[in-house]
Peer 1: 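Let me begin by handing over the structure; questions about it come next.
Any value given below was found using the heavy atoms of this structure, including those in side chains, with hydrogens, waters and symmetry copies removed. None of the values given here were measured: they were computed from a predicted structure. Position 1 is the first residue of the sequence; numbering continues from there.
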Amino acid sequence: MNDYTSNPFLALRLLRKATAMAALALPAAFLFLVPLAAKSTTVSMGYGHGCSVADTSQTTCWGSLPVQDQGAYTVKDIRVGLDFSCAHLSSGVRCWGNNDVGQLGTTTVDPKGQWVEGVYNPNQITLGARHACVVNWGNLVCWGEASQGQLGEPVRSAVARPMQIPGIPKAVHAAAGKSATCAVQDDGRVLCVGTGSGLAGAADAPATPRGVPGINNAVEVSLFDGHACVLRKEGKVSCWGSNRFGELGVPATNSPLTAPVEVTHLAAAAKAVAVGAGYSCALLVNGRIQCWGNNVNGQLGLALGGVDNAGLVTGITDATAISAGQTAACAALQGGYVQCWGEGTGWSSSLCHVAGGRYPQHPDSWGHIVEPPACGQPGSSAPMAVKGLGPANDAAQVLDWAEKTLPQTFPAGGAGAPGLGNNNWYYLREYPGGHTLAVNAHGTPHLLYLGPQGDGKVLDLGPLSRWLDEASRDEGTRSGMQVQATPWVDFMPTIFGGPCQNFLVRYAISGAGGALPEGVVTTSVRVEVDGRAVEIPIRDRYVDGVLQGTAQGCPIANLAGQMVDVTVFYTQGNRKGVLRTRAKVGATA
């Protein structure tokens, strides 16, 4: 790899020196800030469809079952199963789709979605093939198919109303599979019910909760159909169950393993784990994704590396969430993008080959990246952006900003402007003098330059998110809007739901001249002090002449009495903006 691609900031300095790009220089202090996180998303992949929710409450689904409009309710998450979906709303859970075994939580069906009776503000929601569960303040409550003991009750065909699973009293995280349900307890143990749990004795007494042997430090659990994995506190992953394809992270075996084995080949510590049909994936602390097991549909995402890249998914370096399904896996990336690989609907325009494109960390110029001709079953074995959840809007905002900042080099009206020329692999604009700016459409998006200052080579100017932060600051400055903030620490955190929910920031945004622009939605709040930063999500928001709301999360430390920098991230239509102020942290007890 040449110096340009290995050091995008060196490339930037060279470009600036040659073309007077002074305004494009990143402030040195910016390198120590946490990345922009506006519009971070959830992601869920099932058997034939997937869904994602942005922190603006915008929902997107792709594949066999479309999303249902949830009206004015705030959508926190959507989980998917086999031909049904459930939305975690601000006031409960609403499900839609197939209801042959009561998986919608009711005996009646409203095509637009059915409220699940008795479930009002759960901590988490999870779906199996034909049953669903919520973690409801320590209780594990489930409904739907019960034929394999997955509801912890004597075997019966269906339970259309939510019921608490007995013997699992202190759940903090849960996962539902095709014929099993597992929950992490507050003491780090994992308890499971159902014949598909993969544990010894499950087939004989499926409704009896069984502990996963040797696990007492679990953080989260994932299962699909035949095997399961847990993420442990040290960032380690352990798996058990079927191992036909090596999905447990050890050489394939004909017989299942009823006790967990540790996955020892992770490239870094894990921060999330996802289990699909015959394969497993871990989201690593460095933003990479590593998968192992069945790859017949390209669901391991190894188009450009195979065994040489330790099972790392091609081109993704900043993932924030992951989900695995029947034949495809999907990841949410920093910035709110969603990408999938494997076989499915909604991302790949081709059946087998990745026809071209540039993925980060694979410096193949602008040429084609093509898999071997004999690639087996249909599917894309490299990440492809889900339609509507790619970087197109952010790429346009950054290129617009570059044109405003350096009109002498990138004059407005370049080919593709004001929109973007999109050949399915790049969003690009060409300018007089042979200068071209582009953003790759798949993989972690980077800002790229091709032109006289690159000696005929593509210069990688770094992740798009770094440049989007600069463009967003400019957007906020030009908007004329003003923000006021009141942060405080509550020393009685039980009022707000736990010790990691006791830092709150109340904010108010007013428009220039008193008129608030239409369509402004806040997405998160960042608090910085002494080189440290924490970003917390929005809890609630409303408009009453000004846009007001509260963000809630964990503090960096005891900030009471300190002056801090407060940054509020927002979106307006397809644009992202940043507003900043300073405030003193108060305290209540």
Peer 1: Atom CE in M45, atom CD in Q299: separation rounded to 0.5 Å?
Peer 2: 11.0 Å

Peer 1: Taking CG in D187 as the centre, count heavy atoms belonging to other residues, nucleotides or ligands within less than 6.0 Å. Is the count above 12?
Peer 2: yes

Peer 1: How long is the straight-line distance from OG of S57 back to CD1 of I538, given to the nearest 0.5 Å?
Peer 2: 12.5 Å

Peer 1: Between D225 (side chain) and S179 (backbone), is there a donor-acceptor pair under 3.5 Å?
Peer 2: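 Answer holds: no.
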
Peer 1: Can Q70 and R94 be counted as having a side-chain donor-acceptor contact under 3.5 angstrom?
Peer 2: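 Q70 vs R94: donor-acceptor pair found between side chains.
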
Peer 1: For the backbone of L140 and the side chain of N136, can you confirm whether one donor and one acceptor N or O come within less than 3.5 Å of each other?
Peer 2: no

Peer 1: Could you walk me through whether T320 and L333 pass side chain to side chain contact (heavy atoms under 4.5 Å, CB included), step by step?
Peer 2: CA-CA 5 Å; T320 59; L333 309 187; 5.9 Å; no

Peer 1: More than 12 non-hydrogen atoms from neighbouring residues, nucleotides or ligands closer than 6.0 Å to OH on Y73, yes or no?
Peer 2: no

Peer 1: Apply side chain to side chain contact (heavy atoms under 4.5 Å, CB included) to residues E262 and R232 and explain how you reach the verdict.
Peer 2: CA-CA 10 Å; E262 183 177 329; R232 292 153 54 195; 3.5 Å; yes

Peer 1: Could you tell me whether the side chain of L302 reaches within less than 4.5 Å of the side chain of W341, counting heavy atoms only?
Peer 2: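 In short, these two side chains do not touch, never coming nearer than 4.5 Å.
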
Peer 1: Would the distance check show the side chain of Y279 and the main-chain N or O of A328 forming a donor-acceptor pair, the cut-off being under 3.5 Å?
Peer 2: yes

Peer 1: Tell me, with the steps shown, if W143 and C95 meet side chain to side chain contact (heavy atoms under 4.5 Å, CB included).
Peer 2: CA-CA 12 Å; W143 60 93; C95 300; 4.3 Å; yes

Peer 1: Checking Q150 against T181: is there a side-chain donor and acceptor pair closer than 3.5 Å?
Peer 2: no

Peer 1: Is atom CZ of R161 surrounded by more than 12 heavy atoms (other residues, nucleotides or ligands) closer than 6.0 Å?
Peer 2: no

Peer 1: H442 side chain to A382 main-chain N or O, any donor-acceptor pair under 3.5 Å?
Peer 2: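 Not confirmed, H442 side chain does not pair with A382 backbone.
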
Peer 1: Please check if any side-chain donor atom of E234 sits under 3.5 Å from a side-chain acceptor atom of N217, or the reverse.
Peer 2: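 Short answer, yes.
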
Peer 1: Side chains of L266 and V237: does their closest heavy-atom pair fall under 4.5 Å?
Peer 2: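 Yes, side chains in contact.
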
Peer 1: Ignoring hydrogens and geometry beyond distance, is a side-chain donor-acceptor pair present between T327 and E343 at under 3.5 Å?
Peer 2: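 Checked: T327/E343 side chains show no N/O donor-acceptor pair below 3.5 Å.
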
Peer 1: Is the backbone N or O of L151 less than 3.5 Å from a side-chain atom of E145, with the two atoms forming a donor-acceptor pair by type?
Peer 2: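 No; judged by distance alone, with no hydrogens or angles, the pair does not exist.
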
Peer 1: Other residues, nucleotides and ligands only: do more than 12 of their heavy atoms fall within 6.0 Å of CD on E117?
Peer 2: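 No.
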
Peer 1: For L300, is there any backbone N or O sitting under 3.5 Å from a side-chain donor or acceptor partner on N295?
Peer 2: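 Yes; at least one donor-acceptor contact below 3.5 Å.
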
Peer 1: If only atom types and distance count, is the side chain of S280 paired as donor or acceptor with the main-chain N or O of W292 below 3.5 Å?
Peer 2: no

Peer 1: So if I apply the side chain to side chain contact (heavy atoms under 4.5 Å, CB included) rule between C239 and each of L257, V230, V263, which one comes out positive?
Peer 2: V263

Peer 1: Can you confirm if the aromatic rings of F84 and Y47 lie within a centre distance of less than 6.0 Å?
Peer 2: no

Peer 1: Go through the side-chain N and O atoms of D318 and Q334 and say whether any donor and acceptor fall under 3.5 Å apart.
Peer 2: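 No, no side-chain donor-acceptor pair sits under 3.5 Å.
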
Peer 1: Any donor-acceptor pair under 3.5 Å linking the side chain of E220 with the backbone of V273?
Peer 2: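 Yes, because the side chain of E220 sits within donor-acceptor range (under 3.5 Å) of the backbone of V273.
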
Peer 1: Report yes or no: does Q290 contribute a side-chain atom to a donor-acceptor pair with the main-chain N or O of R288 at less than 3.5 Å?
Peer 2: no

Peer 1: Are any side-chain N or O atoms of N216 and backbone N or O atoms of R189, one a donor and one an acceptor, separated by less than 3.5 Å?
Peer 2: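 Flag not set: sc N216 to bb R189 has no pair under 3.5 Å.
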
Peer 1: Under 4.5 Å between any side-chain heavy atoms of R79 and H88, yes or no?
Peer 2: no

Peer 1: Any chance you could measure T208, atom OG1, to L191, atom CG, to the nearest 0.5 Å?
Peer 2: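 Output value for this atom pair is 11.5 Å.
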
Peer 1: Would you say the side chains of D55 and Q58 form a donor-acceptor pair under 3.5 Å?
Peer 2: no

